[in-house]
Peer 1: 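Okay, here's the structure, questions in a sec.
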Amino acid sequence: MCYSVDLRKKVVKYLEDGGSITQASQIFNIGRSTIYRWLNRPNLAATKVTSRQRKINIKELEQDVRANPDTPLKARAQKFGVSAAAISYRFKQMKITRKKTTALPGKKS
């Protein structure tokens with residue numbers, strides 16, 4: 001949840017005027033840990049996360065899928081050093097569906 005800069009300034013001013021953090025959290029209905037974080041920041045403006053570094057490189061994964069289309073999900077996840085769920089999530093983003101076979105596993109005659 002992003003609080004407005006005006007509210008942040010009001011809370012900090014309340015604390016500078018002698019109020020306690022517990023009272024400020026009750027008055028402004030804000031968590032104490034949030035107030036502590038605001039006090040440790042040089043700027044009260046909200047921070048914007050531009051992009052996070054991903055563990056799985058999409059281009060490498062695409063090349064691996066082209067080179068080895070029959071590799072099981074778990075083996076591919078182990079190769080990239082991530083969980084099978086991470087590979088599955090990335091496949092969903094890349095619009096790659098799982099391989100479907102019509103043959104049922106069972107006893108061979």
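The model shown is predicted, which means the values in this text are computed figures rather than measured ones.
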Peer 1: The criterion is side chain to side chain contact (heavy atoms under 4.5 Å, CB included); which residues satisfy it with Glu62, sequence neighbours excluded?
Peer 2: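 In terms of side chain to side chain contact (heavy atoms under 4.5 Å, CB included), with neighbours along the sequence ignored, Glu62 is linked to Ile58, Arg66, Met94.
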
Peer 1: Could you tell me the separation between the CG atom of Leu73 and the OG atom of Ser83, rounded to the nearest 0.5 Å?
Peer 2: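 Output value for this atom pair is 9.0 Å.
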
Peer 1: Output every pair passing salt bridge (Lys or Arg N to Asp or Glu O under 4.0 Å) with a member in residues 17-34, not counting sequence neighbours, ordered by first then second residue.
Peer 2: Lys13-Asp17

Peer 1: Mind checking side-chain hydrogen bond (donor to acceptor under 3.5 Å, both in side chains) for Asn57 and listing every partner two or more places apart, or none if nothing turns up?
Peer 2: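 For Asn57 there are no side-chain hydrogen bond (donor to acceptor under 3.5 Å, both in side chains) partners, ignoring immediate neighbours.
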
Peer 1: Out of curiosity, Ile30 CD1 to Ile21 CD1, how far, rounded to the nearest 0.5 Å?
Peer 2: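 That separation rounds to 12.0 Å.
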
Peer 1: Can you name the residues that form a side chain to side chain contact (heavy atoms under 4.5 Å, CB included) with Gln26, not counting sequence neighbours?
Peer 2: Thr22

Peer 1: List the atom of Tyr14, the atom of Ser20, and the distance in Å for their closest heavy-atom pair.
Peer 2: CE2-O, 3.9 Å

Peer 1: As an exercise, state the distance from CZ of Phe91 to CG of Leu61, rounded to the nearest 0.5 Å.
Peer 2: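 If we round to the nearest 0.5 Å, Phe91:CZ and Leu61:CG are 5.0 Å apart.
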
Peer 1: Can you check side-chain contact (heavy atoms from CB on, under 4.5 Å) on Tyr3 and Val11, steps first, answer last?
Peer 2: CA-CA 11 Å; Tyr3 294 103; Val11 172; over 6 Å; no

Peer 1: Could you measure the distance from the CG atom of Leu44 to the CH2 atom of Trp38? Nearest 0.5 Å is fine.
Peer 2: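 If I round to the nearest 0.5 Å, the distance is 8.0 Å.
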
Peer 1: Quick one: list whatever passes side-chain hydrogen bond (donor to acceptor under 3.5 Å, both in side chains) with Lys74, sequence neighbours left out.
Peer 2: none

Peer 1: What pairs meet the salt bridge (Lys or Arg N to Asp or Glu O under 4.0 Å) rule with one or both residues in residues 75-92, with sequence neighbours excluded?
Peer 2: Asp64-Arg76, Asp64-Lys79

Peer 1: Rounded to the nearest 0.5 Å, what separation is found between the CD1 atom of Ile96 and the OG atom of Ser88?
Peer 2: 11.0 Å

Peer 1: Check whether Val5 and Val12 end up in the same hydrophobic cluster, where Ile, Leu, Val, Met, Phe, Trp and Tyr are linked by side-chain heavy atoms less than 4.5 Å apart.
Peer 2: no

Peer 1: Identify the two heavy atoms, one from Ser25 and one from Gly31, that lie closest to each other, and give their separation to 0.1 Å.
Peer 2: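 Closest approach of Ser25 to Gly31, heavy atoms only: CB-C, 4.3 Å.
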
Peer 1: Nearest 0.5 Å please: distance from the CD atom of Gln23 over to the CG atom of Leu15.
Peer 2: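 Gln23 CD to Leu15 CG: 9.5 Å, rounded to 0.5 Å.
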
Peer 1: Please identify each residue that fulfils side-chain hydrogen bond (donor to acceptor under 3.5 Å, both in side chains) with Tyr36, with sequence neighbours left out.
Peer 2: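 Listed in chain order: nothing, the list is empty.
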
Peer 1: State which residues pass side chain to side chain contact (heavy atoms under 4.5 Å, CB included) with Lys10; sequence neighbours excluded, sorted by chain then number.
Peer 2: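 For Lys10 the side chain to side chain contact (heavy atoms under 4.5 Å, CB included) partners, ignoring immediate neighbours, are Phe28.
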
Peer 1: Suppose we screen for side-chain hydrogen bond (donor to acceptor under 3.5 Å, both in side chains). Which residues come up paired with Glu16, at least two apart in sequence or across chains?
Peer 2: none

Peer 1: Going by side chain to side chain contact (heavy atoms under 4.5 Å, CB included), name the residues that satisfy it together with Ala46, two or more places apart in sequence or in a different chain.
Peer 2: Cys2, Arg8

